[in-house]
Amino acid sequence: MYILLIGAPGAGKGTQAKKLSQLLALRHIASGDLFHTAFEEQTELGLKAQRYVDLGELVPDEITIPMVMRHIEEPENIQGVILDGFPRTFEQSQALDAELSRIKRQVDLAIHLKVSREELLARLAGRIFCQANQHVYHIKFRPPKVADRCDLDGSKLYQRPDDAGEAMRRRLVIYFNQTVQLLDYYRQQHKLREVDGNSSIDQVQAILLSVINDSTGRVAKV
Ligand code: ADP
Ligand code: ADP
């Protein structure tokens, strides 16, 4: 089972994909996290990608596509894969289809998590990550128990520089420009489901679970 989560920066993709991957035994692949890890490890790929990430631009396809494809195979003992933040361009969707067809798989479901611009701005403005493991919090909507400290590993929390200012605005513009074609592509194949992502984390999770269950017949192990 291959599920795509498509949504603007701050829509809640990472938050939801993490929960769904636990509930449904899916591998969670987030392109943004792969770039972050590559940068932390100071790999050549990480260093090349970083200047685009800092500016709020998409990392070029010739770097992004091979990086994600290395992780795409569905491991045994897992129910499937949830892709968060990839594909973001039409070219990426084509590369994904080609790779999945090579391993005799396909995209089963593309979920568009729709959130109003006002809500996106509020989510990005308050988003904080922990330094050790990138666990995600929000100063108002999902505050840590102790200010500035991760509940799970105690590391310090920080704001991503590209969640503010010009980089943040550029990310939103690029997202809205690139996504129309991507959504059309999955709509034409009857694989697209639109989900209202404006409500609380738990409410959105419940809607996503029911959409996935309806579309694939999978039932959460709760
Ligand atoms: P968000 O949480 O805003 O959706 P991500 O953590 O997914 O952001 O991505 C952070 C940055 O990594 C993006 O602004 C972009 O520079 C780069 N990136 C992530 N995914 C892709 C992709 N599929 N194609 C190109 N660049 C990407
Ligand atoms: P994305 O991966 O799409 O960029 P995140 O999952 O990182 O988005 O969520 C963006 C911010 O909004 C985070 O600080 C997160 O805690 C918060 N958040 C996520 N979903 C919701 C929600 N349904 N209601 C309120 N805040 C949310």
Side-chain angles (χ1 to χ4, degrees), residues 4-21 28-39 45-46 48-69 71-72 82-96 111-116 118-130 134-144 150-151 157-164 166-179 182 195-208:
L4 313 181
L5 209 47
I6 302 171
K13 302 180 296 298
T15 302
Q16 296 298 340
K18 195 165 192 118
K19 285 178 173 263
L20 292 172
S21 69
H28 174 200
I29 303 175
S31 41
D33 291 352
L34 295 178
F35 284 128
H36 182 84
T37 306
F39 182 67
L45 181 148
K48 267 194 206 154
Q50 190 63 22
R51 62 195 171 105
Y52 298 98
V53 174
D54 287 346
L55 288 170
E57 286 173 6
L58 291 183
V59 179
D61 283 342
E62 59 268 27
I63 300 177
T64 306
I65 291 173
M67 177 191 71
V68 176
M69 291 312 148
H71 296 83
I72 209 74
I82 184 158
L83 276 165
D84 151 12
F86 184 95
R88 264 177 157 105
T89 63
F90 183 68
E91 289 68 26
Q92 291 178 9
S93 71
Q94 301 307 292
L96 175 64
I111 300 176
H112 179 203
L113 195 54
K114 283 173 74 171
V115 172
S116 73
E118 201 185 4
E119 181 70 20
L120 290 174
L121 294 175
R123 289 187 190 176
L124 290 173
R127 172 158 72 173
I128 36 182
F129 293 87
C130 85
Q134 299 297 299
H135 295 125
V136 182
Y137 298 85
H138 190 283
I139 47 175
K140 260 200 229 145
F141 307 140
R142 201 193 199 187
C150 178
D151 294 354
L157 302 176
Y158 73 98
Q159 193 189 25
R160 235 163 73 175
D162 61 333
D163 272 355
E166 193 48 43
M168 180 271 285
R169 280 187 286 277
R170 193 172 293 137
R171 284 161 70 209
L172 288 174
V173 170
I174 292 173
Y175 171 79
F176 287 108
N177 286 339
Q178 293 282 349
T179 313
L182 204 55
V195 166
D196 181 350
N198 288 291
S199 45
S200 73
I201 294 176
D202 288 347
Q203 283 167 327
V204 175
Q205 194 199 322
I207 305 171
L208 287 171

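We count ligands from 1, going down the list as the structure has it; atoms in each ligand are counted the same way. Everything numeric in this text was worked out from a predicted model, so none of it was measured.
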*List in chain and number order the residues that pass salt bridge (Lys or Arg N to Asp or Glu O under 4.0 Å) with Lys114, two or more places apart in sequence or in another chain; answer none if no residue qualifies.*
none
*Report the residues that fulfil salt bridge (Lys or Arg N to Asp or Glu O under 4.0 Å) with Arg171, sequence neighbours left out, ordered by chain and then residue number.*
Asp162, Asp163
*Mark up the atoms of ligand 2 that fall under 4.0 Å of a heavy atom belonging to Tyr137, in ascending order.*
13 (C), 14 (O), 16 (O)
*Please tell me if the side chains of Tyr137 and Cys150 come closer than 4.5 Å, counting only heavy atoms from C-beta onward.*
yes
*Check the side chains of Ser200 and Gln203 for a donor-acceptor pair under 3.5 angstrom, ignoring hydrogens and angles.*
yes
_Nearest heavy-atom neighbours spanning Asn198 and Ser116_ = OD1-N, 2.9 Å
*Can you tell me how far the CE atom of Met168 sits from the CG atom of Leu121, to the nearest 0.5 Å?*
5.5 Å
*Atom indices of ligand 2 within 4.0 angstrom of Phe141 heavy atoms, with elements*: 25 (C), 26 (N)
*Which pairs pass salt bridge (charged side-chain N to carboxylate O under 4.0 Å, His left out) with one or both residues in residues 56-67, sequence neighbours excluded?*
none
*With hydrogens left out, which residues have an atom under 4.0 Å from ligand 1, given that only heavy atoms count?*
Pro9, Lys13, Ser31, Gly32, Phe35, Val53, Glu57, Leu58, Val59, Thr64, Gly85, Phe86, Arg88, Gln92, Arg127, Arg160, Arg171
_At less than 4.0 angstrom from any non-hydrogen atom of Ser199, what atoms of ligand 2 do you find?_
22 (C), 23 (N), 24 (N)
*Any atoms of ligand 2 less than 4.0 Å from a non-hydrogen atom of Ser200? List them with their elements.*
23 (N)
_Quick one: does any side-chain atom of Gln92 pair with a main-chain N or O of Arg88 as donor and acceptor, under 3.5 Å?_
yes
